[in-house]
Amino acid sequence: MPTIKEILQTMDYGPAPESTKEAQAWLDQHGRRFGLFIDNKWTEPAETFGTFNPADGSELAQVTQATNEDVERAVEAARSAHPAWVAMGGHGRATVLYTLARLLQKHARLFAVLETLDNGKTIRETRDADIPLAARHFYHHAGWAQLQSEEFADYRAVGVVGQIVPWNFPLLMLAWKVAPALAAGNTIVFKPAEYTSLTTLLFAEMCEMAGVPPGVFNVVTGDGRVGEAIVKHPAIAKIAFTGSTEVGRLIRKATAGSGKKLSLELGGKSPFIVFDNADLDAAVEGLVDSIWFNQGQVCCAGSRLLVQESVYPRFIAKVKARMQTLRVGSPLDKSTDIGALVDPVQQQRIHGLVESARAEGCEVWQPAHATPAAGSWYLPTLITGASTTATVAQTEIFGPVLVASSFRTPGEAIQLANNTVYGLAACVWTESISLALDVAPQIKAGVVWINSANQFDAACGFGGYKESGFGREGGKEGMYEYLTLRAEDARPAAPLLADKGRADKAKSKPADAGASANPFQIDRTAKLYIGGKQARPDSGYSRAIVGSNGSFLADVGEGSRKDIRNAVEAAHKASGWAKATAHNRAQVLYYIAENLAARADEFVARIAAQTGSKNAEREVQASIERLFYWAAWADKYDGLAHQPPMHGIAVALNEPVGVIGIVCPNENPLLGFISLVAPALALGNRVVAVPSEAYPLSALDLYQVLDTSDLPGGALNIVTGSSDELARTLATHFDVDAVWRHDGSEEGCAEVERLSSESLKRTWVGGAKGRDWFDAKQACGRAVLQHASQVKNIWIPYGV
């Protein structure tokens, strides 16, 4: 007679198929042919393409391939609808969003089955994760719409936004983007993924039922040509894109200089770190949720397994045993763990990457499972023995493939975790809360889950660092992506541009009159300021600076690419500035203000001599006050503790961006310099600053002030020279994390945005407009702090 253990070993789940009757009926109701949804009207299908069930290859429907003319009509409908949608007010928009949330809940099973048919993911995931989370986003953002006049009083809606989503989470990505955009008062031109358009079209029907006014939400389906038309349309004020890093680069280049707001949520190669004191069985289950959720077709999938050496063999054995129990099969079977890949093209790409690992000598292990004959399938795969530079260790595979390696110390784990161009998410598994909270902030990723994986909520921002993109979706920070400061509309249209003179090989002669009476008129060459020391420019060239009356004031060094390189190296060596307490950073800024005040008369004279300004005294006093202002913010720009619907909290930390290159304005050369450099320093960034090209001396006179104010060497570096050439170098430098340019050069600002696309660094540019640096609404506030920081959400469970 068999034992109970033997009986249990032979038991298996029986089939539990989900009915597709309602979804098939909905498709039949539309004749399985769909037009576009523009101005609350359905167009007649014209040129169409097929959308297929990945599980068996059968055609589900024909969907319209939109044209440029269709995009034009959708944009015009959105433009026309925008004023009335804004005038509807926060409460009016809140009721519409609430109704959409209720409709998603009411039709949850239809949405779940349709998503599974169209995408190939399991019904358990669409039913239990995707649809409830989508509804949650509309509920949450209905609240932000209601509170908009109170919480975002100084902001307005951006206008018409273009939104482009991928195929891995079709409806959930729609909710992430559409809900905040509508809540803020924007109107939308939306493009679903070519492979997975059906739930978007069903959602469009829900918009009609919910009373969304005509033109507020428009859907244009099709391939990449449609996305390109949206990105390049001049009437679209904001682009929100989720997809591959390669396409994100193209969008960054295409929007450069357009003035469009841009948020990019791109690829990832997320580490899953297991320490030797972790609950290994729990970590294995977390790993299953992390890498094999949605067949690994998840940008934040934990595709790099890092296990402490002492438990590595035991953990890998547990992983293999768990992989043997994963059920691969029909996505509509409620007992299936892994469904179908979205398309044969994706299957072929994954297969090619895995075979490249095998060719490089890696061990490739898969469970002994059979896959269905029809459809697109790939077994869960474990790769071991890969070097840190192997293709599979660095490339986003976007499939059910896990690459495992070991580490010895926490420091090595952090180093390996950050050894990637991406920075989207990470998981940390340990029973030591001290270790977890020490490691999590050091990982360069926008989201870190502690003893959990793939936790999401509408109240918590999601987004990446580095080549995983910029911008956040969810939370209050996600709302700001769809809003614009009203003060931006009041910026002056004609900034002061620098006189582009050439560098001189020899010094100019100083003016004779009064040369000995005024220390500012001593014939000297002002050096660069790198690593806390004055340095001669590598080029050996200098440029004469003359006063408003044409008299010679001084020579300044002409910085070059090598000087920027040295400055960036010095900035990276000053990483201790980012780790200093906020109180200490504030104290240093107060010291700078105090020492500037002691020499105020000298700086007043310098500004007057350079610019002829009659407001020089006011500018110096405003600069002192501005230093006090940002010193005050240094220890008050706190993060938030969110309480999502889980047993735990999500702590949103405002972290420094890193090394920021700042090209400063020509108007108000001291105040403009301090207004940009001080907030960056206040939040722990290190700065490479290019002062006013026309009037650089006010910034250079700060050297002695900085030296006597306890600012660590390398925290602030100053390189004078051509704004165009130095900005170009900063934008293309892969160790610079962000570039700000506010010198009024429209072409130069566009170039910064375009060149930054290679490393996908963040940018903040002024375009052809100036800025009233005396106006606190234009030069201060949380909007500046948001540019100087990036939000990291650390999920901390408790009580489980």
Side-chain angles (χ1 to χ4, degrees), residues 268-293 296 298 300-326 337 365 367 380-386 388 393 400-420 423-456 460 644 646-651 653 792-800:
K269 194 70 176 175
S270 301
F272 189 101
I273 307 171
V274 181
F275 288 96
D276 58 7
N277 60 0
D279 181 334
L280 298 186
D281 292 321
V284 168
E285 293 307 308
L287 183 63
V288 170
D289 289 338
S290 182
I291 181 57
W292 292 304
F293 177 67
V298 184
C300 57
S303 56
R304 287 189 297 143
L305 174 61
L306 306 175
V307 185
Q308 197 151 22
E309 194 174 78
S310 58
V311 295
Y312 180 81
R314 186 152 53 103
F315 191 78
I316 293 298
K318 286 178 177 288
V319 170
K320 289 181 177 180
R322 185 64 176 90
M323 290 171 70
Q324 289 281 18
T325 67
L326 294 174
D337 296 305
W365 190 91
T381 303
L382 173 65
I383 297 176
T384 54
T388 56
V401 180
L402 177 66
V403 181
S405 59
S406 64
F407 65 88
R408 291 184 178 180
T409 65
E412 185 184 2
I414 294 166
Q415 187 176 32
L416 289 170
N418 292 334
N419 182 33
T420 173
L424 189 54
C427 293
V428 176
W429 288 79
T430 172
E431 290 297 285
S432 168
I433 188 65
S434 298
L435 179 60
L437 296 182
D438 178 53
V439 170
Q442 297 185 65
I443 297 175
K444 302 299 182 184
V447 180
V448 180
W449 293 294
I450 295 175
N451 292 343
S452 58
N454 282 345
Q455 298 288 320
F456 307 101
C460 306
M646 62 168 281
H647 293 287
I649 58 173
V651 179
L653 302 177
K792 171 184 285 181
N793 275 276
I794 300 177
W795 292 68
I796 308 170
Y798 59 76
V800 292

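Below, each value reflects all heavy atoms present in this structure, side chains not excepted, and no hydrogens, waters or symmetry copies.
Ser405 places a side-chain heavy atom less than 4.5 Å from the side chain of Leu306. Under the 4.5 Å side-chain criterion, counting only non-hydrogen atoms from C-beta, Gln415 is not in contact with Phe407. A 4.5 Å side-chain heavy-atom check between Leu305 and Ile316 finds at least one atom pair inside the cut-off. A 4.5 Å side-chain heavy-atom check between Val447 and Cys300 finds every atom pair outside the cut-off. The shortest distance between side-chain heavy atoms of Ile450 and Leu437 falls below 4.5 Å. Using a 4.5 Å heavy-atom threshold, the side chains of His647 and Pro797 count as separate. Counting only heavy atoms from C-beta outward, the side chains of Trp449 and Asp289 never approach each other to under 4.5 Å. The side-chain heavy atoms of Leu287 and Leu402, taken from C-beta on, include a pair separated by under 4.5 Å.
Under the 3.5 Å distance criterion, the side-chain polar atoms of Asn451 are matched with a main-chain donor or acceptor of Thr430. In this structure, Asp337 contributes its side chain and Trp292 its backbone to no donor-acceptor pair below 3.5 Å. Judged purely by atom type and a 3.5 angstrom limit, Ser290 has no side-chain atom pairing as donor or acceptor with the backbone of Val288. At distances below 3.5 Å, not a single donor-acceptor pair connects side-chain atoms of Asn793 with backbone N or O atoms of Ala650.
Contacts of Lys792 classified as side-chain hydrogen bond (donor to acceptor under 3.5 Å, both in side chains), with partners at least two apart in sequence or in another chain: Glu655. With sequence neighbours excluded, no residue forms a side-chain hydrogen bond (donor to acceptor under 3.5 Å, both in side chains) with Thr420. By the salt bridge (Lys or Arg N to Asp or Glu O under 4.0 Å) test, Glu309 is found to be paired with Arg408, residues two or more places apart in sequence or in another chain being considered. With sequence neighbours excluded, no residue satisfies side-chain hydrogen bond (donor to acceptor under 3.5 Å, both in side chains) with Asp279. Applying the salt bridge (Lys or Arg N to Asp or Glu O under 4.0 Å) criterion to Glu285, with sequence neighbours excluded, gives Arg322. Residues satisfying the salt bridge (Lys or Arg N to Asp or Glu O under 4.0 Å) test with Asp281, not counting sequence neighbours, are Lys318.
The aromatic ring centres of Phe456 and Trp795 sit 6.0 Å or more apart.
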* Asked: Can you list the steps and then say if Phe275 with Val428 is a side chain to side chain contact (heavy atoms under 4.5 Å, CB included)?
  -> CA-CA 8 Å; Phe275 288 96; Val428 176; 3.9 Å; yes
